Engineer: 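This is the structure, below, for whatever I ask next.
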Amino acid sequence: MLRNRVRRSSLMLIFGAAQVPLYFVYGTLETTWPVAAFGLLHGAIYALMQPAIDAQIAVHSAENVRGRVQGVYSSIGLAGAFVGANGLSWLYEVDFRLPLFGLGVAFGVCVLVGGLLVSLGESRGMAVPEAGPTNL
């Protein structure tokens, strides 16, 4: 696994940052097929980032509440998506591309802040030692 060879923060920063330009690309596209093609690329990049985030959450949550912590994380992500989708809808009145650009900027800020915080924790030795390749 890639995650066993590279720090989680690096995976989060690299593959998170790789998604940011895609939001801007989506905002410039006019037809469906390129959106579908970039959507496949976006999904592949996301699939390389998300396991590092899930592992970070699992490793740093107590065993007896791990499921609850992951559920809360997922719920907060869904709530954020809901707020972003509804909160940025007024931008459609100005230009239909602006919500995508706004999402790109917001996602980039979140990736940067989150990835750097995880990196800071790793550099301070806050990462939990891993038991082996089968450990999350």
Side-chain angles (χ1 to χ4, degrees):
M1 279 182 100
L2 182 61
R3 193 215 41 88
N4 291 332
R5 295 179 192 88
V6 181
R7 290 173 38 167
R8 288 186 196 109
S9 61
S10 297
L11 294 173
M12 290 177 207
L13 286 166
I14 291 167
F15 295 118
Q19 294 177 62
V20 173
L22 294 173
Y23 288 101
F24 294 94
V25 169
Y26 292 141
T28 62
L29 297 175
E30 304 267 341
T31 60
T32 305
W33 290 112
V35 172
F38 281 105
L40 289 172
L41 175 63
H42 194 167
I45 294 169
Y46 184 84
L48 293 168
M49 179 193 72
Q50 192 59 42
I53 294 171
D54 292 341
Q56 186 73 11
I57 292 167
V59 166
H60 289 287
S61 54
E63 189 174 336
N64 61 335
V65 293
R66 190 165 289 150
R68 184 176 303 154
V69 170
Q70 289 175 324
V72 168
Y73 168 78
S74 179
S75 297
I76 290 170
L78 287 172
F82 176 79
V83 168
N86 288 297
L88 294 174
S89 63
W90 64 273
L91 291 174
Y92 278 111
E93 291 180 21
V94 178
D95 187 340
F96 73 95
R97 300 171 199 276
L98 288 180
L100 293 164
F101 298 155
L103 284 172
V105 169
F107 186 78
V109 168
C110 290
V111 164
L112 186 63
V113 170
L116 291 177
L117 286 173
V118 171
S119 180
L120 180 65
E122 288 172 344
S123 66
R124 290 185 176 177
M126 297 171 135
V128 176
E130 303 196 21
T134 59
N135 187 18
L136 286 177

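Side chains included, hydrogens not; waters and symmetry mates left out as well; all remaining heavy atoms used. If you're wondering where the values come from, they're calculated on a predicted model, not measured in any experiment.
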Engineer: Atom CE of Met12 and atom CG of Leu48: how far apart are they, to the nearest 0.5 Å?
Structural biologist: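 Reported to 0.5 Å precision, the distance equals 13.5 Å.
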Engineer: Would you name the heavy atoms of Arg7 and Glu122 that are closest together and state the gap between them?
Structural biologist: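 For Arg7 and Glu122, the tightest heavy-atom pair comes out as NE-OE1, 2.8 Å.
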Engineer: Kindly give the heavy-atom pair with the smallest separation between Ala58 and Arg66, and that separation in Å.
Structural biologist: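 In this case the closest contact between Ala58 and Arg66 is O-NE, 2.8 Å.
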Engineer: Is the backbone of Val118 close enough, under 3.5 Å, to the side chain of Gln56 for a donor and an acceptor to pair up by distance?
Structural biologist: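 Here the side-chain-to-backbone pair does not exist.
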Engineer: Show me the side-chain donor-acceptor pairs of residues 71-87 shorter than 3.5 Å, one per line, residues at least two apart or across chains.
Structural biologist:
residue: Ser75; atom: OG; partner: Gly71; partner atom: O; Å: 2.9
residue: Asn86; atom: ND2; partner: Phe82; partner atom: O; Å: 2.9

Engineer: Would a 4.5 Å heavy-atom cut-off, applied to side chains only, mark Leu100 and Leu88 as touching?
Structural biologist: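 They are not in side-chain contact.
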Engineer: May I ask whether Tyr23 and Trp90 are part of the same hydrophobic cluster, defined by side-chain heavy atoms of I, L, V, M, F, W, Y residues being less than 4.5 angstrom apart, directly or through others?
Structural biologist: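 Yes, because Tyr23 and Trp90 connect within a single hydrophobic cluster, where side-chain heavy atoms sit under 4.5 Å apart.
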Engineer: How long is the straight-line distance from CD1 of Ile53 back to OG of Ser9, given to the nearest 0.5 Å?
Structural biologist: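 Ser9 atom OG to Ile53 atom CD1 measures 11.5 Å (nearest 0.5 Å).
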Engineer: Treat each ILVMFWY residue as a node, draw an edge where side-chain heavy atoms are under 4.5 Å apart, and state whether Tyr92 and Leu29 are in one component.
Structural biologist: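 Not linked; separate clusters.
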Engineer: Kindly list each side-chain donor-acceptor pair under 3.5 angstrom involving residues 38-47, sequence neighbours excluded, with atom names and distances?
Structural biologist:
residue: His42; atom: ND1; partner: Tyr26; partner atom: OH; Å: 3.0
residue: His42; atom: NE2; partner: Gln19; partner atom: OE1; Å: 2.9
residue: Tyr46; atom: OH; partner: Gln50; partner atom: OE1; Å: 2.7

